[in-house]
There are 2 protein chains.
Amino acid sequence: MKKEPAVITAYRNENGGLIKDVNKLVASYPRVPITVDCVIFGFEENELKVLLIRSDLEFYKDKWSLLGDFADDNEELDDAAYRVLAERTGMNDVYLEQVRAFSKPNRHPGGRVITIAYCSLLNIQHHKLQSTDNELHWHSVNSIKDMAFDHKEILDVCYSWLQKRIQEHPLGFNLLPDKFSLRELQNLYEAILGVNLDRRNFRKKFFSMDFLEDIGEYEQDVPHRPGKLYRFNFEKYEKNKRKWIGIDFG
Amino acid sequence: MKKEPAVITAYRNENGGLIKDVNKLVASYPRVPITVDCVIFGFEENELKVLLIRSDLEFYKDKWSLLGDFADDNEELDDAAYRVLAERTGMNDVYLEQVRAFSKPNRHPGGRVITIAYCSLLNIQHHKLQSTDNELHWHSVNSIKDMAFDHKEILDVCYSWLQKRIQEHPLGFNLLPDKFSLRELQNLYEAILGVNLDRRNFRKKFFSMDFLEDIGEYEQDVPHRPGKLYRFNFEKYEKNKRKWIGIDFG
DNA sequence: TACCAAATGTGTACATTTTACACCATGCAT
DNA sequence: ATGCATGGTGTAAAATGTACACATTTGGTA
């Protein structure tokens with residue numbers, strides 16, 4: 001396991017001295033177009049959905065793509081992602097998190113483009129699409145086979161990310177209305193994780209975590225006994241975080 | 001919670017038609033210099049260490065920075081990170097994983113530079129620094145106060161990442177020699193997590209996961225009863241993954 | 001209005017996992 | 001031979017996770 005000694009490169013100027021003109025240094029770097037792509041998840045009819053747009057490229061005619069845009073000069077990537085969300089959904093107060101960069105050299109037919117993927121979770125009820133808008137569509141995540149660019153791969157990574165993340169943090173509440181029944185919450189978890197959960201144990205677990213607030217209201221217009229409605233209580237969640245995610249390194 | 005209808009932007013050409021010349025489209029994007037920065041963790045003398053290099057910028061004279069380099073044209077970011085590792089340590093077979101992008105507009109004094117942070121774990125014994133090399137140094141992670149650029153923030157994020165990751169996957173073995181005692185393994189976990197662990201429970205847990213291979217050798221030259229040495233068995237790990245990381249969405 | 005269908009709401013026993021905790025064994029140094 | 005430092009081991013209690021069944025409430029329907 002013997003190795004050659006480490007080689008130091010690219011960290012000094014030609015004379016071995018410190019670099020003074022940092023602007024010149026940065027100007028010498030290769031430059032790459034950067035985009036953000038948002039995987040916008042929603043939940044409707046007991047299915048996990050993702051908001052897609054028809055590709056604007058002739059190259060990908062009739063294919064769907066994630067919502068993305070290039071990052072402006074001097075725009076932080078998080079801000080770019082929020083901007084895309086606002087442009088597409090009109091919403092500012094949504095959940096958003098960076099997942100990772102995708103950088104295969106040929107991932108974009110127009111040349112080298114690196115994209116940073118973001119996951120966003122929002123309540124579809126707050127963003128009903130206009131019926132005149134046939135460029136945007138909520139797709140059932142499980143039914144998507146093929147997409148423009150490497151967006152199917154990005155979607156798959158983000159879906160796995162969501163499955164894992166939702167078991168560590170109660171992100172699911174971002175996908176539900178303010179008031180929801182425990183059945184809706186369980187449907188959400190079952191849809192995302194692709195498993196069946198025991199109703200009694202599910203209820204026990206969520207009640208024991210103590211961030212569901214009973215608002216004393218009931219479901220309406222259901223053809224069966226109506227369930228109680230709850231609200232997610234952020235303050236109680238902050239207090240009881242440890243129960244949920246285990247050790248907190250925050 | 002009523003919102004304006006979604007606005008569609010930047011996804012059609014001026015006439016509302018599909019875009020044919022994708023090269024022209026991409027050429028119109030703003031371009032940004034991209035770097036990778038590697039947080040190279042090691043373990044020595046019961047401390048978690050990180051390999052840093054003296055900054056090459058006059059602007060950051062006497063500060064330390066992560067090992068990084070810009071991404072070449074058409075180079076995938078993972079490849080760039082492996083390249084940096086190879087250049088700095090001469091090693092090719094190391095553990096490497098992308099953590100996330102850092103993109104604050106003013107994070108680099110020379111202008112807009114976006115960096116993608118990677119974590120790498122390696123065995124310091126395989127990369128003893130040359131005594132003539134005073135540009136590179138293994139720093140104790142807990143003693144680092146200040147760094148060039150936003151590298152302290154990146155280090156902090158990567159350290160948290162490691163703490164979480166090591167509890168889900170047995171990454172720790174990458175930091176140890178091929179043969180190690182359980183005491184060394186426990187020291188590693190204690191150092192990274194910053195906690196004290198019960199020796200009996202620690203042993204019980206690792207043995208029950210059944211990927212430690214007893215190679216019938218013992219520690220040498222220790223001033224006390226020598227401990228058994230073990231090897232990490234990747235095949236057994238693959239089989240028993242579920243025990244370790246819970247549900248496997250891989 | 002009596003019944004049915006469909007979903008809500010609840011408790012307990014068992015298995016598994018996690019935690020807390022103490023003593024003898026071994027090898028080296030003196 | 002003794003002391004010292006560390007290696008190596010088991011068990012009981014607590015907490016958590018899992019499996020499982022029946023009465024209740026509502027709307028719909030005959």
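Numbered from 1 within each chain, the chains take letters A, B, ... in sequence-line order. The figures that follow rest on heavy atoms only: side chains count, while hydrogens, waters and symmetry mates do not.
- A:Phe211 pairs with exactly one of A:Tyr237, A:Phe234, A:Tyr230 by the ring-ring contact (aromatic ring centres under 6.0 Å, His included) rule, that one being A:Tyr237.
- With hydrogens and angles ignored, a donor-acceptor pair under 3.5 angstrom links the side chain of B:Lys204 to the base of C:dT19.
- Classified by interplanar angle (parallel below 30°, tilted 30° to 60°, perpendicular above 60°), the ring pair B:His139/B:His137 is perpendicular.
- Separating the CD atom of A:Glu219 from the P atom of C:dA7 is a distance of 11 Å, rounded to the nearest angstrom.
- Each of A:Asn201 and A:His224 lies near DNA chain D, and the nucleotide nearest A:Asn201 is the one positioned closer to the 5' end.
- With a 6.0 Å cutoff to the six-membered ring centre and a 45° limit on the axis angle, A:Arg100 counts as a cation-pi contact of A:Phe102.
- In this entry the distance linking CD of B:Glu217 with P of D:dG7 reads 17 Å, nearest Å.
- In this entry the distance linking CG of A:Asn46 with C1' of C:dA7 reads 13 Å, nearest Å.
- Here the side chain of B:Pro226 is nearest to one of C:dT8, C:dG27, D:dG8, namely C:dG27.
- B:Arg200 has no side-chain polar atom (N or O) that falls below the 4.0 Å cut-off from OP1 or OP2 of D:dG8.
- Nucleotides of DNA chain C nearest to A:Arg199 and A:Pro223 differ in position, and the one nearer the 5' end is that of A:Pro223.
- Atom CZ in A:Arg203 sits roughly 18 Å away from atom P in D:dG17 (whole-Å rounding).
- For B:Arg225 against C:dG27, a side-chain-to-base donor-acceptor contact under 3.5 Å is absent.
- The distance between atom CG of A:Asp198 and atom P of D:dA21, rounded to the nearest whole Å, is 11 Å.
- The CG atom of A:Asp221 sits 9 Å away from the P atom of D:dG27 (whole-angstrom rounding).
- B:Gln167 and B:Gln163 form no side-chain donor-acceptor contact under 3.5 Å, judged by distance and modelled atom types alone.
- Remark: P of C:dG9 and NZ of A:Lys228 are 7 Å apart, rounded to the nearest angstrom.
- Contact annotation: B:Arg183 reaches the phosphate of D:dG7 (side-chain N/O to OP1 or OP2, under 4.0 Å).
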